[in-house]
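Following: one structure in structure tokens, then a few remarks.
Any value given below was found using the heavy atoms of this structure, including those in side chains, with hydrogens, waters and symmetry copies removed.
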2 protein chains.
Amino acid sequence: MESLNSCIREKANPKQINECRIKITASEASFTQLSAILSLAGNELRLKILYLLEQEKELCPCDLSDILGMSIPAISQHLRKLKDGHIISFRKEGQTIFYTLKQEHLELLRPFFKLIDQVNLVAERA
Amino acid sequence: MESLNSCIREKANPKQINECRIKITASEASFTQLSAILSLAGNELRLKILYLLEQEKELCPCDLSDILGMSIPAISQHLRKLKDGHIISFRKEGQTIFYTLKQEHLELLRPFFKLIDQVNLVAERA
DNA sequence: TTTGTATTTAAGTATTTGCTTAAATACGTA
DNA sequence: TACGTATTTAAGCAAATACTTAAATACAAA
């Protein structure tokens, strides 16, 4: 259903619309990848996990569960998503598994952590 | 259920855990607000909408529907979420409604747009 | 007023998400 | 080996998401 709902406004600019279509198509893969990462960071609990991993270098599920007041399985399942998204990696030490942020997407994530530290996001209401 | 699942690892560091708890608690509101924005941008279609609004300054639902190949109601509902999240605003011109990015969160969003333009997100697979 | 265009809203639905509890796995020690 | 700790995985479920179609609203022009 490509353009079943064509914009038929008098003032619609077909050239503009076409150029936009081309741009979007060209970056399709980027949109998919970036939105996947943002949606991982877009969960409050996962954002906290990422923040903590940045601050503490590495943490185990048990620590995170303790800090965040969430059950171990809940934490573990979030960690799996982050791992599947290539945002974190881990090392084993005995029976403990330490998770760390991967360097890869740190450039993207760091501004978020900075914002959190500033604790000054504008709180606006309707 | 605050700390029902206390971390009882031998090597767990109670001081570290407590300091982390305090940090998280102090920034609770920031985590809530930031994760809300990221989860809005974490939807592929909405990310495209935001990107297009940045590029074109303003667009109407009809244009967006046309460019992105999605139904008008689908677009409209995404626009409402973005509006509710204070990420976009709008102006009316006759029966057409033009949406624009708000300045407010542009600083946060612009790096994403830059990444898209670079079209060089590392595509890594399992 | 009637008609048509642009948009939103509502209702219905399939899918995804994020938890819970219980069971499985991995590892270390008695 | 048996037991205990750390973690993951599985199954179940309620809530949220993102679409669909159909109806409602808003505005403008005939």
Exercise for the section: Please report, rounded to the nearest Å, how far the P atom of D/dT8 is from the CG atom of A/L64. Expected result: 10 Å
Problem - Nucleotide C/dT7, atom P - distance to CD1 of B/I88 in whole Å - result: 13 Å
Fill in the blank from the handout: When rounded to whole Å, the CZ to C1' distance for the pair B/F98 and C/dT8 reads 17 Å
Handout entry: Length of the line joining A/L82:CG and D/dT8:C1', which is rounded to integer Å
Key = 15 Å
Practice task
Sequence neighbours left out, what pairs pass salt bridge (charged side-chain N to carboxylate O under 4.0 Å, His left out) with at least one residue falling in residues 71-86 of chain B?
Solution key: none
Handout entry: Per A/Y99 side chain, nearest of listed nucleotides D/dT8, C/dG18, D/dT7
Key = D/dT8
Practice task
Report yes if a side-chain nitrogen or oxygen of B/N43 is closer than 4.0 Å to either non-bridging phosphate oxygen (OP1 or OP2) of D/dT17; otherwise report no.
Solution key: no
Problem - Rounded distance (Å) that lies between atom C1' of C/dT9 and atom CG of B/D84 - result: 13 Å
Problem - D/dT7 phosphate, OP1 or OP2, under 4.0 Å from A/R80 side-chain N/O - result: no
Completion exercise
A/E19 meets the salt bridge (charged side-chain N to carboxylate O under 4.0 Å, His left out) criterion, sequence neighbours left out, with none
Handout entry: Charged N-O contact under 4.0 Å between B/E56 and A/K23
Key = yes
Handout entry: A/Q95: partners by side-chain hydrogen bond (donor to acceptor under 3.5 Å, both in side chains), with sequence neighbours left out
Key = none
Exercise for the section: Produce a footprint string for nucleotides 21-30 of chain C: one letter per nucleotide, 5' end first; B if the base is under 4.0 Å from any protein heavy atom, S if only the sugar-phosphate is, - if neither. Expected result: BB----BS--
Completion exercise
Sorted by chain and number, sequence neighbours left out, side-chain hydrogen bond (donor to acceptor under 3.5 Å, both in side chains) with B/Q77 holds for none
Exercise for the section: Would you kindly compare A/H78 and B/P61 by the position of their nearest DNA chain C nucleotide and give the one closer to the 5′ end? Expected result: B/P61
Problem - Whether B/S76 side chain and B/I72 backbone form a donor-acceptor pair below 3.5 Å - result: no
Practice task
Could you check whether B/K83 gets within reach of a base, just the sugar-phosphate, or nothing at all, counting any heavy atom under 4.0 Å?
Solution key: nothing
Exercise for the section: Keeping to residues at least two apart or across chains, list the salt bridge (charged side-chain N to carboxylate O under 4.0 Å, His left out) pairs with something in residues 35-47 of chain B. Expected result: B/E44-B/K48
Exercise for the section: Could you state the atom-to-atom distance from CD1 of B/I75 to C1' of D/dT20 in whole Å? Expected result: 14 Å
Handout entry: A/I72 CD1 - D/dT9 C1' separation (whole Å)
Key = 14 Å
Practice task
May I have the distance from B/I97 (atom CD1) to D/dT25 (atom P), rounded to whole angstrom?
Solution key: 15 Å
